[in-house]
Amino acid sequence: MLVKAINPFIMHIPVTGSQIADSTHTISHWGVVGLEIETRNGLCGYGFTGTHAHLPSDQLIAQCIETCYAPLLEGEDLNDVNRIWAKMTRHPAMQWVGRAGITTLAMAAIDIALWDLKAKAVERPLWSLLGGQVRDKVRAYNTDVGWLSIDDKELVNGAMRAVQGGFTGIKVKVGSTVERDLRRLEAVRRAIGPDVTLAVDGNGKWDLPTCMRFCKSAEGLDLLWFEEPLWHDDVKGHAQLAQSSRIPIALGEQLYSQDAFAEFFHQNAIHWVQPDVTRMAGITEVWRVCEMAYSHRLPVAPHAGDMSQVHVHLSYAHPACQVLEYIPWIKDAFTDPAEVVDGYFVLPQEPGAGTTPTFEAADQFSQPLR
Ligand code: 0YR
Ligand code: MG
């Protein structure tokens with residue numbers, strides 16, 4: 001399978017309501033920056049990374065795909081994903097400027113497009129190609145009801161609506177003040193009762209003393225995890241928090257490599273492992289992190305930078321994956337959307353990775369490449 005053309009794209013798709021906020025970002029759109037790979041035998045593969053829809057940096061990613069990595073696919077058998085991945089990461093010029101950031105996000109999009117192609121070539125959904133279905137159902141938890149921008153009353157109402165709609169897990173953002181966040185969480189826990197899992201996400205805003213104070217008061221809330229309590233690269237801080245609190249630590253959505261995860265494993269600084277195919281140079285590297293988590297007997301809960309299009313396949317195929325984040329913003333822009341029914345993700349049936357955009361979405365949401 002040989003490349004015929006590579007066509008980058010940028011889509012900006014609105015979030016629920018006019019905007020949402022976590023502790024560090026307020027956004028109105030999700031950026032879907034990726035590529036179409038056309039093959040000489042007439043197939044099209046699609047992959048993308050996820051951004052906060054900042055056009056100048058989205059254009060850098062698209063240009064990196066087009067001008068730096070696309071030429072490396074020339075003449076390659078596109079089935080050889082691992083080899084192409086190694087070629088991209090070890091390319092002397094790219095390694096010098098890369099290993100994290102825009103270059104890795106660009107590689108993520110390409111790796112996902114290659115897996116999409118590989119699955120389409122054998123006319124199977126990606127989960128089948130990754131080794132088959134290893135669990136009956138993938139449980140979804142809803143993040144879209146828990147933004148910091150949602151006021152206290154609507155937070156409780158939204159959580160209740162999600163539970164009535166079948167969700168057995170929700171996540172609430174924290175990182176404003178400890179007092180406000182605790183008040184909101186207590187109200188949510190009272191409303192949803194003890195049987196729905198409740199996770200919190202700080203998006204790396206607080207320092208260690210603030211996290212310790214929060215955890216001490218939050219111990220009665222039966223939290224599934226405290227996600228990104230501290231700055232993303234602070235291994236020692238997470239290890240200290242993990243030691244001082246009984247609330248499990250989740251992290252990984254901003255880590256770029258297997259090596260970055262390895263540090264957290266080695267320091268006992270992580271309980272829930274949250275890699276993201278759109279951040280970590282694709283499915284190829286995330287699979288390695290899942291294997292590493294499995295060998296440490298730690299659960300994986302992928303971060304929905306792909307809004308679950310690809311992670312549904314991964315979660316059905318890898319035994320370490322326990323639960324998957326659900327945010328519905330971009331799903332309807334794809335021909336095979338990531339759907340949740342009665343609180344569980346539907347097993348995809350279409351060939352590929354679920355990354356083929358609809359014509360309507362391309363038409364409606366496309367942004368200029370330059
Ligand atoms: C909004 N999920 C997250 C969104 C989300 C962020 O800034 O990007 O909250 O990625 O932390 O777990
Ligand atoms: Mg998060």
Side-chain angles (χ1 to χ4, degrees), residues 11-33 48-54 57-58 61 105 108 139-150 155 158 162 167 169-176 181 184-185 197-206 211 214 223-234 238 247-256 260-261 264 270-280 286 289 299-312 315 321-331 338:
M11 294 193 285
H12 286 177
I13 303 179
V15 304
T16 306
S18 55
Q19 61 178 35
I20 59 91
D22 61 27
S23 69
T24 37
H25 308 101
T26 299
I27 61 170
S28 59
H29 291 76
W30 195 247
V32 177
V33 184
F48 60 88
T49 186
T51 73
H52 285 170
H54 175 247
S57 49
D58 287 353
I61 299 169
L105 300 175
R139 189 164 80 92
Y141 74 85
N142 192 320
T143 294
D144 206 31
V145 297
W147 302 108
L148 271 185
S149 44
I150 296 174
L155 178 72
F167 281 97
I170 60 170
K171 189 161 86 187
V172 172
K173 295 289 178 177
V174 297
S176 51
D181 290 336
R184 285 156 63 82
L185 289 165
T197 62
L198 175 59
V200 299
D201 186 354
N203 290 95
K205 179 71 176 286
W206 281 336
C211 288
F214 171 82
L223 298 180
L224 185 64
W225 68 60
F226 185 2
E227 176 172 330
E228 291 202 302
L230 296 157
W231 180 252
H232 318 287
D233 303 316
D234 181 5
H238 284 93
I247 300 174
I249 307 280
L251 60 87
E253 68 176 69
Q254 294 224 15
L255 300 185
Y256 285 95
F261 274 95
F264 285 91
I270 183 170
H271 301 109
W272 283 89
V273 184
Q274 301 185 305
D276 180 341
V277 295
T278 67
R279 169 82 54 188
M280 303 196 71
V286 165
V289 171
V300 173
H303 169 249
D306 68 331
M307 302 287 141
S308 308
Q309 287 300 129
V310 184
H311 288 142
V312 175
S315 300
C321 296
Q322 298 271 327
V323 62
L324 176 57
E325 182 165 29
Y326 174 75
I327 306 176
W329 301 335
I330 72 169
K331 69 184 177 61

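When a ligand or atom number is given, it counts from 1 through the structure's own listing order.
With a heavy-atom cut-off of 4.0 Å, Trp329 does not touch ligand 1 at all.
With respect to the Mg ion (ligand 2), Glu253 has OE1 as its nearest N, O or S atom.
Using 4.0 Å as the threshold, Lys173 has a heavy atom nearer than that to some atom of ligand 1. The shortest separation from a heavy atom of Gln274 to ligand 1 is not under 4.0 Å, leaving the residue out of contact. Ligand 1 lies out of reach of Thr143, whose nearest heavy atom is not under 4.0 Å from it.
Applying the 4.0 Å criterion to heavy atoms of Glu325 picks out, from ligand 1, the atoms 2 (N), 12 (O). Contact atoms of ligand 1 toward His52: 1 (C), 4 (C), 7 (O), 8 (O) (distance under 4.0 Å to a heavy atom of the residue). Ligand-side atoms of ligand 1 in range of His303: 2 (N), 3 (C), 5 (C), 10 (O), 12 (O), range being under 4.0 angstrom from any heavy atom. Those atoms of ligand 1 with a heavy atom of Lys171 less than 4.0 angstrom away are 2 (N), 12 (O). Close contacts between ligand 1 and Asn203 involve ligand atoms 3 (C), 6 (C), 9 (O), 11 (O) [criterion: under 4.0 Å to a heavy atom]. In the vicinity of His25, heavy-atom distances shorter than 4.0 Å reach the ligand 1 atoms 7 (O). Near Trp30, meaning under 4.0 Å from any of its heavy atoms, are these atoms of ligand 1: 8 (O).
Using modelled atom types and a 3.5 Å distance limit, the side chains of Glu227 and Gln274 yield a donor-acceptor pair. Remark: the Thr197 side chain and the Arg139 side chain contain an N/O donor-acceptor pair separated by less than 3.5 Å. With 3.5 Å as the limit, one finds a donor-acceptor pair spanning the side chains of Glu325 and Thr143. A donor atom on one side chain and an acceptor atom on the other are not found under 3.5 Å apart for Asp306 and Thr278.
At under 3.5 Å, not a single nitrogen or oxygen of Tyr141, backbone or side chain, sits near a nitrogen or oxygen of ligand 1.
Among Leu255, Leu251, Val300, the one residue that satisfies the side chain to side chain contact (heavy atoms under 4.5 Å, CB included) test with Val273 is Val300. The ring pair (Phe, Tyr, Trp, His ring centres under 6.0 Å) test with Tyr141 singles out one residue from Phe167, Trp225, Tyr326, and that residue is Trp225.
Judged by distance alone, the side chain of His311 and the main-chain N or O of His303 form a donor-acceptor pair under 3.5 Å. Remark: the backbone N or O of Ala304 is not paired with any side-chain donor or acceptor of Ser308 at under 3.5 angstrom. Side-chain N or O atoms of Asp276 include none that pairs as donor or acceptor with a backbone N or O of Glu253 at under 3.5 Å.
The minimum heavy-atom distance between Gln254 and Arg279, with the atom names listed, is CA-NE, 3.9 Å.
Among the backbone and side-chain atoms of Glu228, none of the N, O or S atoms lies under 2.8 Å from the Mg ion (ligand 2).
Take the Mg ion (ligand 2) as the corner point: the lines to OE2 of Glu227 and to OD2 of Asp201 open at 90°, to the nearest 10 degrees.
Looking only at protein heavy atoms, the nearest one to atom 7 (O) of ligand 1 is Asp22 OD2, 2.7 Å.
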